[in-house]
Amino acid sequence: GLTLGRHLYRLEQRYDSLDISGLRQLSKFLSITSLDKPRFHPVVFGLMVTAFYAVAMFPGLRRAQYDPSVFIVAGDRFVDRQRLESPIIVRNHSDGYDGEFYYRLAIDPWPAADGSHGVTPDSAAARGQRILYPLIVWTVSFGNAKLVPAALVLVNLVAVGVAAAAATGLARAASLSRWVPFAIALWPGFTITVTHDTTELVPQAFVLLALWAFAVDRLWLFALLAGMAPLAREVNLLLPASFFLWSTAAALRQRSPAS
């Protein structure tokens, strides 16, 4: 017992004499749970992320001879070339992808199953529930069918930049890891969204902006953004619902007598 005690004492003295400040700094830099604030300004990081995705889209755009309608991924089973107001790339013998239905709603936000504007939706009611993305595109393109393909791409690129900037602002406000904005902005699914004109990025931008607003105590802005996010994807209804339940539970705890 005395021998073991002597060894432990010597080991303790040896570690006390080491200068481990460099190791601590390295560990702090590599740690995914480091609380260091992000080094980039939110706007700068948002612009960087937007540029990254724009560059990633360029090869596909070039193969399509710079026709942005390639990202609609329209198929002839749901898109009738003869009834389109403006020509777009339509794949033969294909169902296409979701972007073809949001293209239709961006021309006319009123969902209809009659094949108007050359597109017959697989489920007009279901697609109409995710109206926010095509509604924004309809607004910026004035419903002009010639401008809609480019507007679909631009709105998603702006959305991914806004999401990245909001994630950086949230990380700063909540003292999160510097890696959090990178983990959010470089989510692989976003590549599918920007190259298929789908709806995921717009609600993500609204959700992250809402969380940032909550973190900086701008509750009116949080309520507005969190309330709009479900108009892009209905699953985002969980955000305002969960915060309502959380705040209700907190209020009830404050009113209950101390035990």
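The first residue of the sequence shown is numbered 1, and numbering continues consecutively from there.
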Please name the pair of heavy atoms, one in [X] and one in [Y], separated by the smallest distance, quoted to 0.1 Å.
| X | Y | result |
| --- | --- | --- |
| S141 | L147 | O-CD1, 3.8 Å |
| A56 | P59 | O-CD, 3.4 Å |
| P68 | V153 | O-CG2, 4.3 Å |
| F214 | L219 | CD1-CD2, 3.7 Å |
| P149 | I88 | CG-CG2, 4.2 Å |

Shared ILVMFWY cluster between [X] and [Y], side chains joined below 4.5 angstrom?
| X | Y | answer |
| --- | --- | --- |
| L61 | F190 | yes |
| M57 | V160 | yes |
| V180 | L208 | yes |
| L135 | V140 | yes |
| L186 | F58 | yes |

Requested in this report: Any chance you could lay out the side-chain contact (heavy atoms from CB on, under 4.5 Å) test for V90 and L84, step after step, and finish with the verdict?
Outcome: CA-CA 11 Å; V90 180; L84 290 171; 4.2 Å; yes

For [X] and [Y], indicate whether the former's side chain and the latter's backbone hold a donor-acceptor pair under 3.5 Å.
| X | Y | value |
| --- | --- | --- |
| N236 | P203 | no |
| E100 | G75 | yes |
| T168 | A164 | yes |
| H41 | V43 | yes |
| N156 | T198 | yes |
| S69 | I89 | yes |
| S94 | R91 | no |

Find the distance between [atom1] ([X]) and [atom2] ([Y]) and round it off to the nearest 0.5 Å.
| X | Y | atom1 | atom2 | answer |
| --- | --- | --- | --- | --- |
| L209 | L170 | CG | CG | 10.0 Å |
| T195 | Y97 | OG1 | OH | 9.0 Å |
| I136 | I131 | CD1 | CD1 | 10.5 Å |
| L105 | R127 | CG | CZ | 9.0 Å |

Query - Qualifying ring pair (Phe, Tyr, Trp, His ring centres under 6.0 Å) pairs, either residue in residues 101-144, two or more places apart - result: F78-F101

Report task. Please tell me if the side chains of I72 and L152 come closer than 4.5 Å, counting only heavy atoms from C-beta onward. Result -> yes

Query - Heavy-atom side-chain proximity of F45 to P181 below 4.5 angstrom - result: yes

For the residue pair [X] and [Y], confirm or rule out a side-chain donor-acceptor distance under 3.5 Å.
| X | Y | result |
| --- | --- | --- |
| R77 | N92 | no |
| T120 | R104 | no |
| T199 | R130 | no |

Report task. Check step by step if side-chain contact (heavy atoms from CB on, under 4.5 Å) holds for V73 and D197. Result -> CA-CA 8 Å; V73 193; D197 289 346; over 6 Å; no

Report task. With V207 as reference, evaluate L239, V202, L238, L225 under the side chain to side chain contact (heavy atoms under 4.5 Å, CB included) test and give the passing residue. Result -> L239

Query - Over 12 non-hydrogen atoms of neighbours within 6.0 angstrom of CZ in R81 - result: yes

